Amino acid sequence: MCFKFIPIRKQLLKKYEMKSMQLTGIREMQLMEVETPKITKPTDVLIKMKTIGVCGSDIHYYVSGKIGSQVVKYPFPVGHEGAGIVTEIGTGVTHVKVGDRIAIEPAMPCFKCDQCLEGRHHTCRNLKFLGCPGQADGCLSEYIVMPETSCFPIPTTMSYDKAAISEPLAIGVYAVRLAKMDFKGKNVGILGFGPIGMSVLLPLMQKGANHIYVTDKIEGRLDIAKRCGAAWTGNPDTEDVVASVKEKEPALLDVIFECCGKQEAIDQAIDMLKPGGKLLIIGIPEFDRWSFPVDKLRHKEVCIQSVRRQNGALEETLELLGENKLDVSLMPTHRFKFSQTKDAFDLVAGFSDGVMKAMIDFD
Ligand SMILES: [Zn+2]
Ligand SMILES: [Zn+2]
């Protein structure tokens with residue numbers, strides 16, 4: 001007799017099914033039907049996804065199945081640069097309401113550990129990060145559940161594109177803040193001009209940096225850098241970028257942001273920095289160890305700072321975007337439908353067609 005009820009129950013469950021784009025192997029992904037996530041805590045928010053940006057780290061998981069010790073267990077949905085609309089809230093939610101358009105902060109710190117109590121939420125001992133293997137499923141799904149602390153309402157005048165881009169952009173805003181200097185009159189290098197390099201350049205311009213020197217191996221990206229206000233751009237595949245920068249700036253550069261994860265960029269940075277200069281490392285290399293020329297490092301007394309994502313910079317970033325003080329209009333270069341996510345990933349993985357940022361639309 002029970003069997004008669006099974007199809008009915010299945011039918012009921014089907015109402016809650018949603019589509020989720022999941023990694024299923026190296027350079028493989030599939031559109032799957034999975035259960036819609038549910039609100040389980042009073043502070044949970046159910047979000048219908050609208051737009052997602054494809055990040056370099058998503059691509060690392062796509063092509064290598066891991067970043068360092070974070071290894072993908074298949075199937076797994078990545079994605080952490082997202083914007084959406086609130087469709088349901090838990091009983092204790094006070095900061096957002098149903099219908100709010102939001103930017104999503106992918107980090108979910110515990111707010112209790114020593115790091116959180118010191119204000120270092122990005123290095124929380126119990127951190128869960130959207131789309132990070134072993135921590136939380138990503139936002140390449142029609143619906144996701146996030147704590148309300150990760151939901152940032154945006155004004156009606158702000159596009160979902162800007163809201164999604166606020167995530168990588170906040171990393172640039174944070175890195176610039178972490179350099180702890182008055183940029184007026186300072187000469188700066190940005191080695192690697194993908195979305196993160198661009199996210200560093202925009203706040204540097206806003207803060208009045210003097211000359212910004214940008215390198216990348218993709219000409220299309222260098223064109224964008226120039227249009228954004230870089231004083232000089234160079235391609236290390238076709239010219240000696242260290243010699244070129246030395247010629248233009250004999251006293252060398254005050255600070256360099258490494259944004260590509262390449263050893264040659266670190267070597268170039270050490271040569272381009274003036275004594276007492278600062279090197280901020282943001283890029284994620286595909287290898288496990290950096291190497292540094294000890295003699296030059298010592299003689300110049302270079303200060304090295306690692307940058308771990310961002311901490312508390314999203315609000316400022318959204319504010320600057322809302323006031324049109326950071327122009328990200330040149331960042332999205334390609335658009336895809338949710339069902340074409342694999343094409344977006346293949347494009348970004350191949351650095352094809354001068355891609356800067358590929359955006360994915362849900363409807
Ligand atoms: Zn990212
Ligand atoms: Zn914590």
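In listed order, ligands and their atoms are each counted from 1. Please read all numbers here as calculations on a predicted model, not as lab measurements.
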Side-chain donor-acceptor contacts of residues 269-282 below 3.5 Å, not counting sequence neighbours, with atom names and distances?
from, atom 1, to, atom 2, distance (Å)
Asp271, OD1, Lys296, NZ, 2.9
Lys274, NZ, Asp254, OD1, 2.9
Lys278, NZ, Ala179, O, 2.5

Between His80 atom NE2 and Cys55 atom SG, the angle centred on the Zn ion (ligand 1) rounds (to 10°) to 100°

**Prompt:** Between Arg309 and Tyr174, is NZ or CZ placed under 6.0 angstrom from the six-membered ring centre and within 45° of the ring axis?
**Reply:**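 No, Arg309 and Tyr174 do not form such a contact.
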
Result block: side-chain N/O donor-acceptor pairs under 3.5 angstrom for residues 191-204, not counting sequence neighbours:
from, atom 1, to, atom 2, distance (Å)
Ser199, OG, Pro195, O, 2.7

N/O donor-acceptor pairs under 3.5 Å from side chains in residues 73-82, not counting sequence neighbours:
from, atom 1, to, atom 2, distance (Å)
His80, ND1, Asp58, OD1, 3.4
Glu81, OE1, Lys357, NZ, 2.8
Glu81, OE2, Lys357, NZ, 3.3

inquiry  = For a quick check under 3.5 Å, do Tyr160 and Asp361 share a side-chain donor-acceptor pair by atom type?
reply    = no

ask   = How many N, O or S atoms of the protein are nearer than 2.8 Å to the Zn ion (ligand 2)?
value =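 That number is 4, waters not included.
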
message = Do Leu23 and Leu347 land in one hydrophobic cluster if side-chain heavy atoms of ILVMFWY residues count as linked below 4.5 Å?
response =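 Yes, one cluster joins them.
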
* So which N/O/S atom does Glu81 have closest to the Zn ion (ligand 1)? ->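 For Glu81, the N/O/S atom sitting closest to the Zn ion (ligand 1) is OE2.
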
- Item | Lys186 and Met181, any side-chain heavy atoms less than 4.5 Å apart | yes

